[in-house]
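A short worksheet on the structure shown next.
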Amino acid sequence: MNLLQILKKVKQKEDMRSLRRSKVDWVETGVVSPVVREQKHCASVEALHYMKTNQSIMLSVQQLIDCDTKNNGCNAGHSEDALEYIKKNGLWSESSYPYMYQSNSLGCKGNKTVVARISGFETVSRTEEALEEAVAKQPVIIRLKWPPSMHNYKGGIVEYEDLPTTLPDGTELRWHAVIIVGYGTDSNGVKFWRLKNSWGETWGEGGYGRIRRHVHNGQGVLGICAYPAVYPVVW
């Protein structure tokens, strides 16, 4: 690649960056439901379903807990496995298979009507720039390094700190899946990501949180770029 081609690619990236919206909030646009509940990985599929059909529907979390045998029910799991399950089986509605706050002792009770499907999912390169490009298109699922202090988060923009891999008591720091529903800049000029958690409205800012965006340490705040983000697609 010669110098002219390199300069052309740099200009193309700068042009794309300038065209990208400075603020994205999929909750404000109605794509993501403002209702904060134990969502697991249904929220991203609900958002995609709304974007494709303009129909808002709450999907069954309990189905993933009871029927996705590759994951761990109420004890967390992997986004990719959950999305693979949804790709193969589709999702039922929340009303037809409601959340029980625990695994069903009788196992998966099937034969419900599928109301939403996906064709698969895409992964995002592990940079904040790439994540920003993805979130500008739709909400995405990301794993964050989750210190005990985040359990008591009450609001504001979480700043970067160098988190250990092991806590003082010897236990490993846990990773926690959330939905990135947008990004913006506050009145002080601080750039942030907005995330939707699954711990109810009493956590954070009505069930949502914000962490600083574009931190040049490689992995970002709470290790936001440590794992690739994923999002469902319909081809």
Side-chain angles (χ1 to χ4, degrees), residues 13-14 16-41 43-44 46-47 76 79 123-168 172-231:
K13 287 184 178 180
E14 290 176 347
M16 287 298 293
R17 194 176 294 116
S18 64
L19 289 171
R20 195 177 308 150
R21 288 175 288 173
S22 59
K23 177 187 176 182
V24 172
D25 194 314
W26 293 112
V27 181
E28 289 183 358
T29 61
V31 169
V32 172
S33 168
V35 177
V36 179
R37 71 193 202 283
E38 183 67 34
Q39 304 163 87
K40 297 296 180 186
H41 305 297
S44 63
E46 288 174 352
S79 305
T123 59
V124 181
S125 297
R126 294 185 298 169
T127 68
E128 291 200 75
E129 186 73 17
L131 183 59
E132 195 172 283
E133 290 180 11
V135 175
K137 298 175 184 176
Q138 69 182 83
V140 304
I141 306 166
I142 193 71
R143 274 185 280 179
L144 298 178
K145 192 180 287 188
W146 208 251
S149 59
M150 288 301 291
H151 290 259
N152 302 314
Y153 168 76
K154 298 299 182 183
I157 298 175
V158 178
E159 295 285 348
Y160 171 77
E161 62 174 308
D162 191 12
L163 296 170
T165 55
T166 305
L167 297 173
E172 290 189 2
L173 199 62
R174 296 189 64 179
W175 292 86
H176 180 58
V178 299
I179 306 292
I180 301 295
V181 296
Y183 60 79
T185 306
D186 75 356
S187 58
N188 296 316
V190 178
K191 295 180 178 181
F192 64 85
W193 297 106
R194 190 181 187 207
L195 62 92
K196 185 175 186 179
N197 200 5
S198 55
W199 290 354
E201 296 182 353
T202 59
W203 183 87
E205 299 171 336
Y208 295 82
R210 290 176 293 162
I211 65 176
R212 190 161 188 140
R213 178 167 56 101
H214 287 310
V215 176
H216 301 292
N217 72 314
Q219 290 195 350
V221 175
L222 302 182
I224 194 170
C225 293
Y227 285 97
V230 295
Y231 58 91

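Taking all atoms of both residues into account, the shortest heavy-atom contact from Gly223 to Trp175 is O-CZ3, 3.8 Å. Closest non-hydrogen pair, Ser125 versus Ala130, comes out as O-CB, 3.6 Å.
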key: Worked verdict on Val31 versus Gln138 for side chain to side chain contact (heavy atoms under 4.5 Å, CB included)   = CA-CA 9 Å; Val31 169; Gln138 69 182 83; over 6 Å; no
ask   = Does the pair Met150 and Leu144 meet the rule for a side chain to side chain contact (heavy atoms under 4.5 Å, CB included), with working shown?
value = CA-CA 11 Å; Met150 288 301 291; Leu144 298 178; over 6 Å; no
task = Tell me, with the steps shown, if Glu28 and Lys23 meet salt bridge (Lys or Arg N to Asp or Glu O under 4.0 Å).
result = CA-CA 11 Å; Glu28 289 183 358; Lys23 177 187 176 182; 3.4 Å; yes
inquiry  = For Trp193 and Val135: C-alpha separation, side-chain torsions, deciding distance, then whether side chain to side chain contact (heavy atoms under 4.5 Å, CB included) applies.
reply    = CA-CA 10 Å; Trp193 297 106; Val135 175; 4.1 Å; yes
task = Please assess Thr165 against Leu173 for the test side chain to side chain contact (heavy atoms under 4.5 Å, CB included), listing each intermediate value before the final yes or no.
result = CA-CA 5 Å; Thr165 55; Leu173 199 62; 5.8 Å; no
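Atoms OG1 and NE2, from Thr185 and His214 in turn, are 9.0 Å apart once rounded to the nearest 0.5 Å. Note that CZ of Arg143 and CG of Leu222 are 14.5 Å apart. Values are rounded to the nearest 0.5 Å. A distance of 8.0 Å separates OH of Tyr231 from OG1 of Thr123, quoted to the nearest 0.5 Å. If you take CD on Glu205 and CG on Asn197, they are separated by 12.0 Å, rounding to the nearest 0.5 Å. Here the CD1 atom belonging to Ile224 is positioned 10.0 Å from the CZ atom belonging to Arg213, to the nearest 0.5 angstrom. Atom CD1 of residue Ile180 and atom CD of residue Glu132 lie 12.0 Å apart, to the nearest 0.5 angstrom.
Put simply, the side chain of Ser33 reaches to within 4.5 Å of the side chain of Lys196, judged on heavy atoms.
Using bins of under 30°, 30° to 60° and over 60° for the plane-to-plane angle, the ring pair His176/Trp146 lands in the tilted bin.
The side-chain tip of Arg212 does not point at the ring of Tyr160 from less than 6.0 angstrom away and within 45° of straight on.
Shown are Val178, Val230, Leu131; of these, the side chain to side chain contact (heavy atoms under 4.5 Å, CB included) with Val140 is made only by Leu131. Each of Val181, Ile179, Ile211 was checked for a side chain to side chain contact (heavy atoms under 4.5 Å, CB included) with Leu195, and the lone residue meeting it is Ile211.
Every ring pair (Phe, Tyr, Trp, His ring centres under 6.0 Å) that Tyr153 has, sequence neighbours left out, goes to Trp203.
Using modelled atom types, one side-chain atom of Arg21 and one backbone atom of Ala136 make a donor-acceptor pair closer than 3.5 Å. The closest donor-acceptor contact from the side chain of Asn188 to the backbone of Val190 lies at 3.5 Å or more, if one exists at all. Checked by atom type and distance alone, the side chain of Arg126 never pairs as donor or acceptor with a backbone atom of Pro228 at under 3.5 Å.
Annotation for Glu159: atom CD counts as buried by contact number, over 12 foreign heavy atoms lying within 6.0 Å.
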